[in-house]
Amino acid sequence: MNLIFLGPPGAGKGTQAKRLAARYGIPHLSTGDILRKAAADGTPLGKQAQALMDAGKLVPDEIVNGIIDEALTSPEAAKGFLLDGFPRTVPQATALDEILQRRGRKIDHVILLQVPLKVLLDRLAGRQVCPKCQTSYGRNSPPKKPGICDKDGEKLEVRPDDQPERVQQRLQEYESKTALLTGYYKARGVVRPVDGVGSVDEVEKRIEKALS
Ligand code: AP5
């Protein structure tokens, strides 16, 4: 199963992608998580990406295309993969086509998570993230101890790009560059629209149904 999760910031891509990847035993490849880790590790790639990410702008296509090309060579990705946050532009989608063609593979489903703006803003304003394991907590899914990750006891943080003005910038990037991908994949008949409003369990059930 080769899947893409598409949807605006705060739609729940990461939350649902983690669950689905665990269920199918396939890697969850999040370009956002990979870039944040590179930035936290202070690698040259991370340093290059950090300022753009913090400002809510997209990182250059060549950088993320390279990350995904490399990630898809891993043995774990051989039986399937789940892309979260990639592709995000038409040039990234065409690069992905080339990468997959080289490996004789294709995208089976694009899960399009649909969530109204008001709900997106509310979710992003309430998000806290574990800097170590990247687990996200929200107003509807708080940690057991306030401000502390349930999994590893790390102190939770607010993502710099979740500040309101950065969120506006990210939403603009989504509308002007990423939303076009819906048409790109619709033409191939692989888009599965899913209502992303409701509890995490409810949305997960809808995704399961859309894939069956
Ligand atoms: P990235 O990390 O991909 O961010 P994003 O796409 O903006 O998405 P988010 O992580 O904000 O939201 P999500 O949809 O995953 O929602 P989540 O599950 O966390 O990218 C960050 C940056 O990296 C980009 O801006 C860019 O700079 C760079 N980048 C990454 N990929 C790139 C690429 N391909 N090209 C160029 N640049 C790239 O949920 C959000 C909140 O809601 C959480 O608190 C969660 O707990 C809560 N929640 C989730 N589901 C529900 C629910 N059903 N009910 C209630 N709350 C919920």
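Small disclaimer: the values here were computed from a predicted structure and weren't measured. Note that ligands are numbered from 1 as they come in the structure, with each ligand's atoms numbered from 1 the same way.
One hydrophobic cluster, built from ILVMFWY side chains closer than 4.5 Å, holds both I63 and I34.
Here R19 pairs with D201 in a salt bridge; the nearest charged N to carboxylate O distance falls below 4.0 Å. Ion pair D61/K177 not flagged as a salt bridge, since none of the NZ, NE, NH1 or NH2 atoms sits closer than 4.0 Å to an Asp/Glu carboxylate oxygen. Checked for salt-bridge contact, R170 and D162 meet the test: a charged N lies under 4.0 Å from a carboxylate O.
Cluster note: V203 groups with M1, L3, F5, L20, Y24, I26, L82, I111, L113, V194, I207, L211 through ILVMFWY side-chain heavy atoms spaced under 4.5 Å, whether in direct contact or through intervening members.
Closer than 4.0 angstrom to ligand 1 sit non-hydrogen atoms from P8, P9, G10, A11, G12, K13, G14, T15, T31, G32, L35, R36, M53, K57, L58, V59, V64, G85, F86, R88, Q92, R123, L124, R127, S136, Y137, G138, N140, S141, R159, D161, R170, G198, S199, V200, V203.
Nearest heavy-atom pair, L124 versus P9, reported as atom, atom and distance to 0.1 Å: CD1-O, 3.8 Å.
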